[in-house]
Amino acid sequence: MIDRREFRKSFDAMQAQLARRGAGVVADGSAWGRARKLDVRQRELKTELEALQAERNRVSKLIGQKKAQGEDAAAELAAMQDVAIRTKALDAEAKAAEDAFATILLEIPNPPHASVPDGNDENDNVEIHCWGDPRQDAVPPHWEIGTALGILDFEAGAKLAGSRFTVLRGMGSRLVRGLMQFMLDLHVDKHGCGEVWVPAIVNRKTMTGTGQLPKFADDLYKLEDEDAYLIPTAEVPVTNLYQDTILDADTLPIRHCAYTPCFRREAGSAGQDVRGMIRQHQFDKVELVHLTRPAQVLDDLQILTGHAEAVLQALELPYRLIELCAGDLGFSAQKTFDLEVWLPSQNTYREISSCSSFGQFQGRRAGIRYRDENGKPQPVATLNGSGVAIGRCLVAILENGWQADGSLLIPAALQPYVGGQSHIDVAVC
RNA sequence: GGAAGGGUGGCAGAGUUGGUCGAAUGCACCGGUCUUGAAAACCGGCAAGGGGCAACCCUUCGUGGGUUCGAAUCCCACCCCUUCCGCCA
C-alpha cells in the first residue's frame, strides 16, 4: 500500500508515476481518483472527533479527582452525558470514513520505480540479455513428448479434478521431486538462503499483507467453511512470516527459499494455454523471498534475479531476461524482471520466473518493519521471485532435452536427483 | 469437538473493589560517567500509529460490540495459544 503521508505531500508526483501503468489507473472513478476526497473527509471527522474526545477525557479526569476528594461532580456528570452521546455518534462516522479510505488505499497499485521503462503492455518489455543457444530444429510440444514417454497423463488429471490438472507418472513424478530438491539445495547451499516450509492455506489477513486481497479474490481458491485461502504462491506465507513485527536492522537482508504447491483459479485466462501443463490450477514452485533495507532493494533485486538465473543455467536451459515496462507490471510490484525459458515447440520464450521488488509496499501493508539508524521503525522492502516454477521447468526440460528418437536427455546437474539416470527411453509397449 | 487456563510495550512480566495507567519491574537497546580499551557499576533515555510549525492532542493492553462521565480492569460474541480428554495422518 502506498504511504499516506507521501500521498498527501507528493500527490502530483505519485499520480504521474502511477499513470505510467495506464491512464485508467488514475482515472476519476479509479481507487486513486476517489482516494483524495475520502482522505480529506476522514481527516476532518477525525479532527472533530479528537476535539470532543479531548474534552471528554479532560472532564472525566476532573470527575475522578472530585469524587476522590469527596466533592460534588453532578454538574460535570450531567454535561458529559451529552458529550458521550455525541462522541459515540461521531466515532462511528469517523470510523466509517477511515475504513472507506483504508479500503481504497488497499486497491491502489504500487507506483512503478523511476527506473522502469515506459510502455503499455508486454510488447513494450525490454530484453536485458539472453543466455544459451536455443535449438532451432522441429520439436514436438511437451504434451506429446510427455505422453509418448508415459510420464504425463492429462486424461487422468481431467478425470480426477478437471481441466488444467495433470497426473505425473514414473520418471515424470520423479523429475518433479528431483527438481524441487535440486533447486532448494542450490539456493540453500550456494546462495545462502534460509529454507522454510510453510502452510499452503492462509487466512485473509495474510492474503491482504502481500496484496492478493482485496482486489484479486477471483484468482484465489477460497475454503468454503473458513475465511481462508489456498496460496497462489509461497510469496504469501513466506513474506508474512514477519507480519506485524519489528526486525532488528542487523538481521537484514533476510533471504528465504521455500517449496510449496500453488493454486490459481486462472479466472480470465480461458482459452490460453489449455493444452499441456503451462497453465495449471495446481503447480509446484520453489520461491525466493528477500526482506531488505529500502535503500538496498534494487541491489537485492539483482541478487535475487541472479539466483533464479543460476537454476536455468545449471539445467542448461536457454532463456532470456526481460524487464517489464510500467504498463505490464503486477499490482504490487515496483520493478520486475522476468525470466523466459526457450520452448522450441512454440519457437518462443515463455515465462518461467518473475522477480520483483515491491519497495515498501508490502512491508507497509503487512506491518513488517525494521529499526533504522535512528531507532525509528520503517517498513522493510520486500522482493520475491520464482526460483523457479517446477511445472514449466519440466516442460522446458522435455522440449529442450528431446531427442529425435523420442527419448529425453536429463540435464547433468539434475541426474543425481533422479537416481543417476541420464535419460528416459521411449516407452516400449 | 469437550474441559480448564491464558492473550499487556522489542522480549519477559506486574496490574481485575473501574478514575492522574500508555501501563510498575527486569532484560534488550541508545547516550553519558568511569576505564588504555572492553566488561562491570552508576546516571539518563527508550512502545507504536495518527494530527499539529510547536506546545500539545487523539487512538491502541487479542478482535469486535456493550455498560459508564470514565474500561487493560465489568458484560457479550468471536479469534488465537497452552494443558488435559476425544478423534486422527
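Computed over heavy atoms, backbone and side chain alike; hydrogens, waters and symmetry mates excluded. Throughout, a chain's letter reflects where its sequence line sits, starting with A, and its residues are numbered from 1.
Counted by atom type alone, A:Gln15 and A:Asp12 present zero donor-acceptor pairs between their side chains at under 3.5 Å. Between the side chains of A:Gln362 and A:Ser332, no donor-acceptor pair is found at a separation under 3.5 Å.
The nearest whole Å value for the distance from the CG atom in A:Asp227 to the P atom in B:G64 is 15 Å. Taking atom CZ of A:Arg204 as the reference point, atom P of B:C79 lies 15 Å away to the nearest angstrom. One atom, NZ of A:Lys376, and another, C1' of B:G50, lie 11 Å apart when rounded to the nearest Å. The distance from atom CG of A:Asp225 to atom P of B:G1 is 11 Å, rounded to the nearest whole Å. We find that CG of A:Leu52 is positioned 12 Å from C1' of B:C69, with the value rounded to whole Å. Summarising the geometry, the separation between NZ on A:Lys46 and P on B:G51 is reported as 8 Å, rounded to the nearest angstrom. Per the geometry, NZ belonging to A:Lys205 stands 16 Å off P belonging to B:C79, to the nearest Å. Between the P atom of B:G50 and the CZ atom of A:Phe101 lies a distance of 12 Å, rounded to the nearest Å.
Comparing the C1' positions of B:U33 and B:G70 gives an interatomic distance of 45 Å, to the nearest angstrom. Remark: the separation of the P atoms in B:A39 and B:A28 is 12 Å, to the nearest Å. Here the separation of B:G6 from B:G13, taken at their P atoms, is 14 Å to the nearest Å. Between the P atoms of B:C46 and B:C56, the separation comes to 14 Å (whole Å). Between B:A12 and B:U17, the distance separating the two C1' atoms is 29 Å to the nearest Å. When the P atom is used for both B:G10 and B:A23, the distance is 15 Å, rounded to whole Å. Using P as the reference atom, B:U25 and B:G15 are 15 Å apart when rounded to the nearest Å. Comparing B:U59 with B:G22, their C1' atoms sit 11 Å apart, to the nearest whole Å.
With both pairing distances under 3.5 Å, B:A3 is matched to B:U83 as a Watson-Crick or G-U wobble pair. Across every strand in view, B:A89 sits unpaired, with no contact that passes the Watson-Crick or G-U test at under 3.5 angstrom. Of all nucleotides present, only B:G19 satisfies the Watson-Crick or G-U wobble test against B:C69, with each distance under 3.5 Å.
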Can you name the atoms? Protein N/O to nucleotides 9-13 of chain B N/O, anything below 3.5 Å, with the distance.
none

Under-3.5 Å N/O pairs linking protein and nucleotides 87-89 of chain B:
none

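Under the 4.0 Å criterion applied to side-chain N and carboxylate O atoms, A:Asp273 and A:Arg392 are not assigned as salt-bridge partners. Contact check on A:Glu155 versus A:Arg169 returns no salt bridge, with no Lys/Arg side-chain nitrogen under 4.0 Å from an Asp/Glu carboxylate oxygen. Comment: A:Arg164 does not engage A:Glu266 in a salt bridge, judged by the lack of any side-chain N to carboxylate O separation of less than 4.0 angstrom.
Residue A:Arg364 is classed as having no contact, given no heavy-atom separation below 4.0 Å to the nucleic acid.
Ranked by how close their nearest RNA chain B nucleotide is to the 5' end, A:Asp3 and A:Leu77 are led by A:Asp3. Checking A:Gln378 against A:Val59, the closest nucleotide of RNA chain B that is more toward the 5' end is the one next to A:Gln378.
Evaluation of the salt bridge (charged side-chain N to carboxylate O under 4.0 Å, His left out) test over residues 286-308 of chain A, restricted to residues two or more places apart or in two chains, returns A:Arg255-A:Asp300, A:Lys285-A:Glu287. Within the structure, salt bridge (charged side-chain N to carboxylate O under 4.0 Å, His left out) pairs that include any residue of residues 174-195 of chain A do not occur (at least two apart or interchain). Listed by first and then second residue, the ring-ring contact (aromatic ring centres under 6.0 Å, His included) pairs involving residues 180-218 of chain A are A:Phe182-A:Tyr417, A:His187-A:His191, A:His191-A:His307, A:Trp197-A:Tyr259, A:Phe216-A:Phe331 (not counting sequence neighbours).
With sequence neighbours excluded, the residues that form a ring pair (Phe, Tyr, Trp, His ring centres under 6.0 Å) with A:Phe165 are A:His281. With sequence neighbours left out, the side chain to side chain donor-acceptor pair (under 3.5 Å) criterion links A:Gln212 to A:Thr210.
Near-neighbour residues of RNA chain B inside residues 81-91 of chain A, defined by a heavy atom below 4.0 Å, number-ordered: A:Gln81, A:Ala84, A:Lys88. Near RNA chain B, defined here as any heavy-atom distance below 4.0 Å, the residues from residues 63-74 of chain A are A:Ile63, A:Gly64, A:Gln65, A:Lys67, listed numerically.
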So A:Leu298 and A:His113, side chain to side chain contact (heavy atoms under 4.5 Å, CB included) or not? Walk me through it.
CA-CA 10 Å; A:Leu298 256 31; A:His113 192 272; 3.4 Å; yes
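For B:G50, one of the phosphate oxygens OP1 or OP2 lies less than 4.0 angstrom from a side-chain nitrogen or oxygen of A:Arg5. Note on A:Arg4: every side-chain N or O is 4.0 Å or more away from OP1 and OP2 of B:G49.
Shortest non-hydrogen contact noted between A:Ala228 and A:Ile201 is CB-CG2, 3.8 Å.
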How does protein contact run along nucleotides 57-63 of chain B, one letter per nucleotide 5' to 3', with B for base contact, S for sugar-phosphate only, - for none, heavy atoms under 4.0 Å?
SBS----
Show me, pair by pair, the donor-acceptor contacts under 3.5 angstrom made by side chains of residues 86-96 of chain A, not counting sequence neighbours?
from, atom 1, to, atom 2, distance (Å)
A:Arg86, NH1, A:Asp82, OD2, 3.4
A:Thr87, OG1, A:Val83, O, 2.6
A:Glu93, OE2, A:Arg41, NH2, 3.1

Atom pairs and distances, side-chain donor-acceptor, residues 141-150 of chain A, under 3.5 Å, sequence neighbours left out:
from, atom 1, to, atom 2, distance (Å)
A:His142, NE2, A:Met277, N, 2.9
A:Thr147, OG1, A:Trp143, O, 2.5

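A:Ile368 is listed as a side-chain neighbour of A:Leu291, based on a closest heavy-atom distance under 4.5 Å. By the 4.5 Å heavy-atom criterion applied to side chains, A:Leu315 and A:Leu179 are counted as neighbours.
Looking at A:Thr245, its side chain never comes within 3.5 Å of a backbone N or O of A:Leu247 through a donor-acceptor pair.
Under the 30°/60° scheme for interplanar angles, the aromatic rings of A:His256 and A:Tyr242 are found to lie parallel.
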